[in-house]
Amino acid sequence: MKKLINYPANYVDESLEGLTRAHPDLVLDGKDRRVVRRKDGTRKGKVGIVSGGGSGHLPLFCGYVGQGLIDTCAVGNVFEGPALHACLEAARMADGGAGILQLIGNYGGERMNFASVRETLQDEGAEVETVLGTDDIASASAEESRKRRGVAGLIFAYKAAGARAEEGGNLSDVRDAAAKAVARTRTIGVGLGACQIPGADRPSFVLADDEIEMGMGIHGEPGIWRDKLKPADVIAAEMIERLLAERPADAGDKVAMLVNSLGATPLDELFILHRRAASLLEQQGFQVIRPLVGPYVTSMEMAGASITLSFLDDELEQLYAAPAHCPFWSVQR
Amino acid sequence: MKPASLKTAIQDVAKAMPVIERDLNAADAKLGDGDTGGMLARVVLGLQAAELDEADLGASLIALSRAANEATGSSLGNLMATALGAIGRKVRGQAELRPDQLSEVLGIARDAMLERGGADLGDKTVIDSIDAIARAVSDGNVWAAIRSAAHNAAADTLMAFRGKPIRTGRARMFGDATRDLDDPGMLAVSMLLDAIIHEESKV
């Protein structure tokens with residue numbers, strides 16, 4: 001697989017250097033320069049929000065550092081959780097004196113490292129809460145939803161928690177906002193083609209030229225079925241049907257929708273998916289609020305897309321509408 | 001076991017690392033990213049660079065735990081660091097570990113890993129290997145016999161879990177396909193002990 005890189009071992013650090021040069025509101029920090037933080041730091045008295053995750057998914061995770069979103073982010077190697085010291089540094093840098101929310105995807109490395117960080121900071125007297133993103137409906141059954149992994153829907157949790165923190169909510173308020181967004185958000189992906197970790201001698205998985213995989217995760221985790229490519233409208237219909245089958249019991253009639261590229265799939269194709277998905281939702285009586293279409297959570301050059309639905313109530317609708325700004329997502333009133 | 005023997009074991013492993021890295025990457029590629037070997041190689045490099053306290057085995061193990069945590073944020077790396085740290089805290093201030101204490105400290109490592117990782121015994125993870133080794137060395141009084149018992153226990157556990165699915169972490173998503181595959185963490189324990197036994201046999 002062709003990649004525009006210099007040396008595989010420098011992939012992450014050179015990418016982070018470029019990201020922060022291009023977006024000076026983001027600053028690289030920490031002993032190994034594996035923390036991205038807001039240039040101005042966390043406002044004193046605001047709940048700090050820290051996240052962290054492996055590289056290869058930009059804009060996730062560190063691209064969402066910004067006003068009304070997350071304050072700091074620890075960065076790991078490609079598809080690998082950040083090292084413990086980077087998580088600790090990021091959490092400390094997020095601290096504005098009003099408590100820290102750790103908002104991370106439900107992945108083993110991140111979960112374990114941030115559990116260590118929480119213990120360390122609590123020993124030092126800080127207030128720390130943790131919320132795990134678990135929106136990927138194909139990654140475990142509904143009965144085992146706590147085992148589900150966090151994918152594109154995590155950005156809605158960032159948005160809800162970030163908005164609540166900016167408006168002055170306390171740590172419990174911010175935690176609850178994040179937890180509500182997670183509880184009401186569902187994602188499903190469809191994989192069309194593989195990606196390859198820099199330096200690896202083969203792609204992370206193999207899909208035949210005419211095959212797709214419904215439910216594939218953002219690291220190529222196996223999905224629900226693998227079959228011949230179908231028309232976009234058929235794929236969109238199945239994704240929406242699967243997401244609606246898992247809607248929360250108290251879902252209203254408003255949804256936020258994200259139609260996301262896994263990396264290689266172009267905007268044209270995303271809009272083709274969005275067109276059908278939005279129309280199906282409207283036919284079923286839903287109003288689609290603030291649609292997002294684009295590469296928001298990727299897997300390097302993986303081809304494919306995901307659809308995320310966040311089932312709104314009045315509180316989430318308000319939180320998603322609050323002003324926010326980072327290099328990859330701006331919300332203005 | 002003294003800090004110096006830790007150092008020797010790490011050097012033994014480092015010598016075998018190119019082969020271990022290749023084989024573990026290949027095993028992991030069947031379940032996903034194919035990077036477990038590369039990750040472990042980075043951890044071993046970190047362990048080699050760690051400064052050990054010749055007079056304090058506990059402090060040395062804690063230094064190794066820190067080095068493992070610095071080298072990676074992966075779950076396997078974190079579990080290794082958790083195990084090293086848990087044993088280190090238990091034997092802090094001791095210059096050495098007697099053979100008859102090994103089973104107890106491995107049990108402490110196992111319990112700490114279970115708590116940190118959220119897995120259960122039987123899920124087909126590295127923790128099943130540590131549990132089996134803790135039980136296999138419980139009667140040991142001589143290091144040579146203990147090494148051999150640990151080596152056999154790791155290999156036997158790998159065999160015993162063939163046919164069973166991995167029930168936790170990313171690999172669980174591959175379901176029945178994992179029945180015929182070794183868990184990369186279990187395989188790593190077996191290969192690391194292979195390397196140590198192989199080098200020791202040359203002495």
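The chains referred to below are lettered A, B, ... by the order of the sequence lines, with proteins before strands, and numbering in each begins at 1. Worth saying up front: this structure is predicted, and the values here are computed from it rather than measured.
Counting all heavy atoms, side chain and backbone alike, A/His85 lies closest to B/Asn69 at ND1-O, 4.3 Å. Here the closest heavy-atom approach between residue B/Met173 and residue A/Arg149 is recorded as SD-CD, 3.5 Å.
Ranking A/Gly109, A/Gly217, A/Ala140, A/Ser204 against chain B, the residue ahead of the rest is A/Gly109, based on heavy-atom pairs under 4.5 Å. Looking only at heavy-atom pairs under 4.5 Å with chain B, the residue among A/Gly223, A/Gly76, A/Pro82 that has the most is A/Pro82. Contacts with chain B were tallied for A/Asn113, A/Val78, A/Asp201, A/Asn106; A/Asn113 has the most, counting heavy-atom pairs under 4.5 Å. Of all the listed residues (A/Gly220, A/Ser116, A/Cys195, A/Gly199), the one sharing the greatest number of non-hydrogen pairs under 4.5 Å with chain B is A/Ser116. The choice from B/Gly117, B/Ala171, B/Gly175 that makes the most heavy-atom pairs within less than 4.5 Å of chain A is B/Gly117.
Looking at A/Arg111 and B/Ser75, their side chains never bring a donor and an acceptor atom within 3.5 Å of each other.
The environment of A/Asp209 atom CG is sparse: at most 12 non-hydrogen atoms of other residues, nucleotides or ligands sit within 6.0 angstrom. Counting non-hydrogen atoms of other residues, nucleotides and ligands closer than 6.0 Å to CD of B/Glu115 gives a total of 12 or fewer. Other residues, nucleotides and ligands contribute more than 12 heavy atoms inside 6.0 Å of the CG atom of A/Asn10. Atom CD of B/Glu51 has 12 or fewer heavy atoms from other residues, nucleotides or ligands within 6.0 Å. Within 6.0 Å of CZ on A/Arg226 lie more than 12 heavy atoms contributed by other residues, nucleotides or ligands. Around CZ of B/Arg66, the count of heavy atoms belonging to other residues, nucleotides or ligands within 6.0 Å does not exceed 12. For B/Arg162, the CZ atom sits in a packed shell: over 12 heavy atoms of surrounding residues, nucleotides or ligands are nearer than 6.0 Å.
To the nearest 0.5 Å, the span separating CD on B/Glu70 from CG on A/Asp32 amounts to 7.0 Å. The distance from atom CE of B/Met39 to atom CD of A/Glu80, rounded to the nearest 0.5 Å, is 6.5 Å. Atom CG of B/Asp35 is separated from atom CD1 of A/Ile197 by 4.5 Å, given to the nearest 0.5 angstrom.
Heavy-atom distances place no part of B/Asn25 under 4.5 Å from chain A, backbone and side chain included. Looking at A/Phe79, both its backbone and its side chain come within 4.5 Å of chain B, counting heavy atoms on both sides. In this structure, the portions of A/Lys147 lying under 4.5 Å from any heavy atom of chain B include both its backbone and its side chain. In this structure, the portion of A/Asn77 lying under 4.5 Å from any heavy atom of chain B is its side chain and not its backbone.
Between A/Met112 and B/Leu79 there is a side-chain heavy-atom pair separated by less than 4.5 Å.
Ion pairing of A/Glu144 with B/Arg172 is absent here, as no side-chain N (NZ or NE/NH1/NH2) approaches a carboxylate O to less than 4.0 Å.
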